[in-house]
Each structure stands twice: as C-alpha cells, then as structure tokens.
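Encoded as structure tokens, the structure appears first; notes follow it.
Just so you know, these numbers come straight off a predicted model, no measurement behind them. In this chain, residues are counted from 1 in sequence order.
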Amino acid sequence: APPLPSRVSAWGVYDIFDIAEGEQLFVGAVSDKQFLKLCEVLERPDLADDPDFADNSLRVAHRPRLLQELGASLAGREVEELCATLEAAGLPYAKVVRPEELVDDEHLKASGGLAPMTTDTGDETQVVLLPLLMNGNRLGVQRPLPKAGQHDDEILGPLRET
C-alpha cells in the first residue's frame, strides 16, 4: 500500500498532522464516538455538528476539508500537552519520531517492543522489534549483529567457486 498521505483512507481521520516546533503527530478517529471525542478535545463543536462529517463515510468523502480543519486546530499545539490530552481522552495518537528516538518511546517500552542486542563491537543496545506476535510472543533478536565481513565466506563462498 502507498504511504499514509497518498492513499485513499478507509477512515476520515487517520493521518499525520504538523504541530508546533516542526513536530508531527499521527491522530486517528475511526469511529463516530472517537470523532466526537476528538472534536470535543480540540474544542471544535462546529466539526461535530457539520452534516458533512456526520458519519465515517461522509468524513471520508469530505476528507480533504476535514483534514484541513483539523490541521488548523492542531497547528501550533505543543506535542507533550497534545499527547497528554489525547491520551486522557482515549484517542489513538503517536508522535512521529526519528529512528534513534524510538528507544525512548513509552508505547514501545510498555508493549515489550524493545529488546537488547549485542552490536558488532560487543556493546549492548536496545533495538525495536517487529510489531508481530507469534503464539502471543514478539519475535525477538535471534543473534548479535555481525561484524563487517563476518559471514562473507559463508555467503559468498559458493559464488567464488564458480
């Protein structure tokens, strides 16, 4: 599937928004109840009362205007305050972060989404696990990160013989 902004969404509100200080925040409101709660949190009763946004299919049909309105309401809001408000309201959200910031992500920590791994220098670091469960367990780190060239003979050996 194409990345989020360029594909047709099944939900009216399921997107990434620009907020204060160049930060970005994913916000989802996939049910009528969540949409009404989001309008309440953002102090936008006009959106909740707009007949174009009365249900999800209408929100999808009028999605560009809805996202523009929500974007205007979210722009300039501080990330920590906004996250706390969305968390308290029980709405889906996620900060958009750089890969190196993932090891500090509270959701990954709480869900067991991080695991220790030995690097090629012998140091131990945290890595992000795939968001998959098998028999109720995450797929963990299988082996340490190999050193550069460590498996060259094993992998390239057959090719070198030809």
Side-chain angles (χ1 to χ4, degrees), residues 1-117 119 123-143 145:
L4 255 177
S6 60
R7 71 175 171 224
V8 176
S9 179
W11 301 290
V13 183
Y14 198 84
D15 216 314
I16 296 170
F17 297 90
D18 293 324
I19 56 174
E21 299 180 24
E23 299 280 348
Q24 291 185 311
L25 190 72
F26 163 82
V27 178
V30 299
S31 69
D32 294 339
K33 182 178 177 181
Q34 286 180 339
F35 178 70
L36 293 174
K37 181 56 90 173
L38 180 62
C39 291
E40 179 185 320
V41 163
L42 296 178
E43 300 175 352
R44 293 293 308 265
D46 59 309
L47 297 180
D49 295 337
D50 190 320
D52 286 347
F53 307 140
D55 64 32
N56 186 61
S57 62
L58 288 168
R59 289 190 292 275
V60 170
H62 299 279
R63 191 167 191 268
R65 183 169 72 87
L66 176 58
L67 294 182
Q68 183 178 13
E69 293 284 346
L70 292 173
S73 294
L74 291 164
R77 305 267 309 251
E78 296 295 326
V79 69
E80 295 307 325
E81 173 267 327
L82 192 51
C83 288
T85 303
L86 293 169
E87 182 79 28
L91 291 169
Y93 74 93
K95 292 188 270 185
V96 177
V97 298
R98 292 166 190 77
E100 64 270 15
E101 296 172 302
L102 288 173
V103 295
D104 296 320
D105 184 89
E106 67 244 25
H107 295 113
L108 282 174
K109 287 179 178 179
S111 69
L114 297 171
M117 183 184 78
T119 69
D123 296 326
E124 193 158 295
T125 189
Q126 294 287 310
V127 294
V128 178
L129 298 175
L130 292 173
L132 304 171
L133 297 177
M134 295 189 78
N135 295 325
N137 298 310
R138 285 204 187 247
L139 304 173
V141 175
Q142 300 300 308
R143 56 179 119 338
L145 184 68

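From Lys37, atom NZ reaches atom CG of Leu42 across 11.5 Å, with rounding to the nearest 0.5 Å. To the nearest 0.5 Å, atoms CG (Leu102) and CG (Leu129) are separated by 11.5 Å. Atom CD1 of Ile19 is separated from atom CG of Leu25 by 5.0 Å, given to the nearest 0.5 angstrom. Here the straight-line distance linking atom CG of Leu74 with atom CD1 of Ile16 works out to 12.5 Å at 0.5 Å rounding.
Nearest approach of Glu81 to Arg77, heavy atoms of both residues: OE2-NH2, 3.2 Å. Of all heavy-atom pairs spanning Leu47 and Cys39, the tightest one is CB-SG, 3.7 Å. Contact between Asp105 and His107 at its shortest, heavy atoms only, is OD2-N, 2.9 Å. Here the closest heavy-atom approach between residue Pro51 and residue Leu58 is recorded as O-CD1, 3.5 Å. Here the closest non-hydrogen pair linking Gln126 and Val103 is O-CG1, 3.6 Å. Nearest approach of Gln34 to Gly28, heavy atoms of both residues: OE1-O, 4.3 Å.
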Intermediate values then yes/no, side chain to side chain contact (heavy atoms under 4.5 Å, CB included), Val13 and Trp11:
CA-CA 6 Å; Val13 183; Trp11 301 290; over 6 Å; no
**Request:** Dump the intermediate steps for side chain to side chain contact (heavy atoms under 4.5 Å, CB included) on Asp55 and Phe35, then the final yes or no.
**Result:** CA-CA 9 Å; Asp55 64 32; Phe35 178 70; over 6 Å; no
Note to self: Please determine whether salt bridge (Lys or Arg N to Asp or Glu O under 4.0 Å) holds for the pair Arg59 and Asp50, giving the CA-CA distance in whole Å, both sets of side-chain angles, and the decisive distance to 0.1 Å.
What the structure shows: CA-CA 10 Å; Arg59 289 190 292 275; Asp50 190 320; over 6 Å; no
- Just do the side chain to side chain contact (heavy atoms under 4.5 Å, CB included) check on Leu145 and Val127 with the steps written out, would you? CA-CA 11 Å; Leu145 184 68; Val127 294; over 6 Å; no
Checking side chain to side chain contact (heavy atoms under 4.5 Å, CB included) for the pair Leu70/Val27: CA distance, chi angles, key distance, verdict?
CA-CA 10 Å; Leu70 292 173; Val27 178; over 6 Å; no
- Go through Glu106 and Lys109 one step at a time and tell me if the salt bridge (Lys or Arg N to Asp or Glu O under 4.0 Å) criterion holds. CA-CA 5 Å; Glu106 67 244 25; Lys109 287 179 178 179; over 6 Å; no
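Between Leu86 and Leu38 there is a side-chain heavy-atom pair separated by less than 4.5 Å. Residues Leu139 and Met134 are in side-chain contact: their nearest non-hydrogen atoms beyond the backbone lie under 4.5 Å apart. Between Leu133 and Arg138 the shortest side-chain heavy-atom distance falls below 4.5 Å. In this structure, the side chains of Glu78 and Glu23 stay at 4.5 Å or more apart for every pair of heavy atoms.
No more than 12 heavy atoms of other residues, nucleotides or ligands lie within 6.0 Å of CD in Glu21, so this atom counts as exposed by the packing criterion. Surrounding CD of Gln68 are at most 12 heavy atoms belonging to other residues, nucleotides or ligands under 6.0 Å away.
Not one N or O on the side chain of Glu43 forms a donor-acceptor pair closer than 3.5 Å with the backbone of Val41. Formation of a donor-acceptor pair under 3.5 Å by the Arg63 side chain with backbone atoms of Gly12 is found in this model. The backbone N or O of Ala61 sits nowhere less than 3.5 Å from a side-chain atom of Asp52 that would complete a donor-acceptor pair.
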